[in-house]
Amino acid sequence: MTPLEFDQKHLWHPYTNVEKPGPTFVAKEAEGVWITLDDGTRLIDAMSSWWCMLHGHRNPAITKAIHEQLDRLPHVMFGGMTHDPAIELGQKLLEITPPSLQRIFYCDSGSVSVEVAMKMAVQYQHAVGHPGRSQFVTTRSGYHGDTWKAMSVCDPVTGMHHLFQGALSLQHFVPQPPIAIDQNWPEDPALNGIAELRAILEKHHKQIAAFILEPVVQGTGGMYFYHPEYLNQARALCDEYGVLLIFDEIATGFGRTGRLFATDFTDIEPDILCMGKALTGGHISFATTMTNDRVATGIGNGEPGVFMHGPTFMANPLACVAAKASLDLLDQSDWNANVSRIEAGLTEQLAPARDLPNVADVRVLGAIGVIEMDHRVSADQAHGLAHEMGVFLRPFGHNIYCMPPFVTSDEELASICDGMLRLAREL
């Protein structure tokens with residue numbers, strides 16, 4: 001049995017049917033934007049390995065930090081102990097995130113970061129005398145992860161988790177923010193989506209702990225970019241009705257949208273902020289949930305007096321040094337210029353897709369490029385063309401999209417765009 005045969009017989013990959021696993025490649029090494037397969041084929045990683053590999057694969061500064069930390073302290077429990085990597089990363093995070101967010105809770109992955117945020121919101125409401133506030137409001141077409149509570153705030157109709165609806169907590173959903181980021185904002189609440197949010201909060205605020213959503217960019221729910229004024233006005237409504245505001249920046253954080261955080265498109269700050277994916281430059285799993293003093297001290301002053309969450313690998317030193325190194329790289333590089341260059345390249349080179357049959361829309365924001373089709377596109381078929389194109393793309397739903405590493409060259413970006421156009425023509 002070859003290694004690939006073993007893989008297909010025993011290893012269950014994400015979102016696959018074990019009887020029909022689809023094309024799977026054996027990656028042997030990676031560097032920069034390139035992945036080298038076992039047969040020597042080199043593929044451009046147009047997905048940043050699910051949106052996390054900001055600085056490219058095997059970045060020397062990040063791998064050096066991990067190697068050096070491995071020789072000193074690979075892991076220690078965070079209960080009753082701390083360490084320099086956690087402290088130094090925390091100091092760095094406070095420099096770059098909204099100033100009101102002064103409390104940092106380290107966790108394992110993006111989905112866990114959302115779980116932590118939702119637990120914070122419920123425990124805060126309970127602590128301040130509102131034990132009935134245990135539900136959430138969110139938008140249609142949102143996505144927040146694959147763990148149990150996170151699934152409950154993913155779209156129950158268009159999302160990936162609709163078959164679990166009978167087992168999940170029932171939440172409140174408002175329509176997807178209707179005004180796109182490049183449209184003029186209408187002041188009429190009936191047109192801009194705020195009327196529906198107000199109606200839900202007015203009717204159910206005594207049961208709602210928080211409003212959770214992805215700011216500006218809805219990722220897996222459809223790669224849709226909406227107007228940031230929606231978030232400004234949502235903040236005011238949350239304050240009016242005593243509901244916390246949670247921003248899920250797991251996909252959008254650390255420059256992907258052209259701003260360091262999508263929150264930076266707005267004039268407001270959330271009560272809780274979730275980060276993951278690119279936090280470590282994609283080199284090791286890690287996430288964090290940040291909140292303000294009001295939420296943190298509120299929880300501390302209630303019963304049982306402590307926040308009820310504690311992952312085993314919380315604040316893992318290897319992950320902390322990787323994250324600190326990645327954030328230092330952002331500081332040292334002209335990431336703004338790189339993202340602007342990628343945005344300009346995507347805008348120009350994906351424009352011909354507008355004239356192709358079956359293309360519904362073409363969208364670009366920062367280092368995110370999307371060709372939306374009028375039908376579902378097969379990831380398996382796209383994988384089957386990867387060898388020929390020299391580009392690894394993984395469409396989902398109706399979207400052929402890319403999120404390339406910030407170190408992608410103009411030539412490599414042209415290959416990515418050519419690959420996307422080919423998929424739009426052939427799939």
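Under the 4.5 Å side-chain criterion, counting only non-hydrogen atoms from C-beta, M373 is in contact with V359. Contact annotation: the side chain of N59 approaches that of L329 to within less than 4.5 Å [non-hydrogen atoms, C-beta and beyond]. In this structure the side chain of L201 never reaches within 4.5 angstrom of the side chain of H172, judged on heavy atoms. The closest side-chain heavy-atom distance from P74 to Q69 is not below 4.5 Å. Here the side chains of L93 and M275 are in contact, with some heavy-atom distance below 4.5 Å. Under the 4.5 Å side-chain criterion, counting only non-hydrogen atoms from C-beta, P156 is in contact with R140. E426 places a side-chain heavy atom less than 4.5 Å from the side chain of L385.
Ring-centre distance between F261 and F254: below the 6.0 Å cut-off. Taking the six-membered ring wherever Trp is involved, the centroid distance between the rings of F136 and F211 does not fall below 6.0 Å. Taking the six-membered ring for Trp and the full ring otherwise, the centers of F313 and F286 sit at least 6.0 Å from each other.
Under a 3.5 Å cut-off, the side chain of H375 and the backbone N or O of L427 do form a donor-acceptor pair. Put simply, the side chain of S111 never gets that close to the backbone of S109: no donor and acceptor are under 3.5 Å apart. Judged purely by atom type and a 3.5 angstrom limit, H75 uses its side chain to pair as donor or acceptor with the backbone of T312. H83 places a side-chain N or O within donor-acceptor distance of the main-chain N or O of A315, the cut-off being under 3.5 Å. For N232 (side chain) and D267 (main-chain N/O), a donor-acceptor pair under 3.5 Å exists by modelled atom type.
Here the OG1-CG distance, from T139 to L197, works out to 10.0 Å after rounding to the nearest 0.5 Å. Note that OG of S409 and CD1 of I44 are 7.0 Å apart. Values are rounded to the nearest 0.5 Å. How far CG of D45 is from CG of L393: 9.5 Å, rounded to the nearest 0.5 Å. To the nearest 0.5 angstrom, T41 atom OG1 is 11.0 Å from E388 atom CD. Once rounded to the nearest 0.5 Å, the distance linking CG of L260 with CD of E249 reads 9.0 Å. The OH atom of Y124 lies 8.0 Å from the CG atom of D271; values are rounded to the nearest 0.5 Å.
Salt-bridge annotation for E240 and R198: present, with a side-chain N of the basic residue lying under 4.0 Å from a carboxylate O of the acidic one. One finds no salt bridge joining E115 and K119 here, because no Lys/Arg side-chain nitrogen approaches an Asp/Glu carboxylate oxygen to under 4.0 Å. Salt-bridge formation is not detected for the pair D38/K28: no Lys NZ or Arg NE/NH1/NH2 atom is positioned less than 4.0 Å from an Asp or Glu carboxylate oxygen. Remark: D239 engages R235 in a salt bridge, criterion side-chain N to carboxylate O under 4.0 Å.
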Intermediate values then yes/no, side-chain hydrogen bond (donor to acceptor under 3.5 Å, both in side chains), H387 and D39: CA-CA 10 Å; H387 271 92; D39 63 0; 3.1 Å; yes
From CA spacing to verdict: side-chain hydrogen bond (donor to acceptor under 3.5 Å, both in side chains), T63, H283: CA-CA 8 Å; T63 56; H283 286 61; 6.0 Å; no
Working for side-chain hydrogen bond (donor to acceptor under 3.5 Å, both in side chains), residues S113 and T289: CA-CA 6 Å; S113 173; T289 307; 3.0 Å; yes
Candidate pair Y15 and D146, rule side-chain hydrogen bond (donor to acceptor under 3.5 Å, both in side chains), full reasoning: CA-CA 11 Å; Y15 310 113; D146 291 346; 2.5 Å; yes
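For E411, the CD atom sits in a loose shell: 12 or fewer heavy atoms of surrounding residues, nucleotides or ligands are nearer than 6.0 Å. Within a 6.0 Å radius of CG in N184, other residues, nucleotides and ligands contribute 12 heavy atoms or fewer. The environment of CD in E88 is crowded: more than 12 heavy-atom neighbours from other residues, nucleotides or ligands sit within 6.0 Å.
Side chains of E95 and Q91: no donor on one and acceptor on the other come within 3.5 Å. For the 3.5 Å distance criterion, the side chains of E269 and S100 qualify, holding a donor opposite an acceptor. Between H13 and D7, the side chains place a donor N or O and an acceptor N or O closer than 3.5 Å (distance only, hydrogens not considered). Side-chain contact, R103 with T297: no donor N or O sits under 3.5 Å from an acceptor N or O.
For the pairing with S415, the side-chain contact (heavy atoms from CB on, under 4.5 Å) check across V33, T408, L43, V391 returns one residue only, V391.
Aromatic ring pairs are classed by plane angle as parallel below 30°, tilted from 30° to 60° and perpendicular above 60°; the pair F406 and W335 is parallel. Ring planes of H10 and F6: tilted class, angle from 30 to 60°.
With sequence neighbours excluded, the residues forming a salt bridge (Lys or Arg N to Asp or Glu O under 4.0 Å) with E31 are R58, listed by chain and number.
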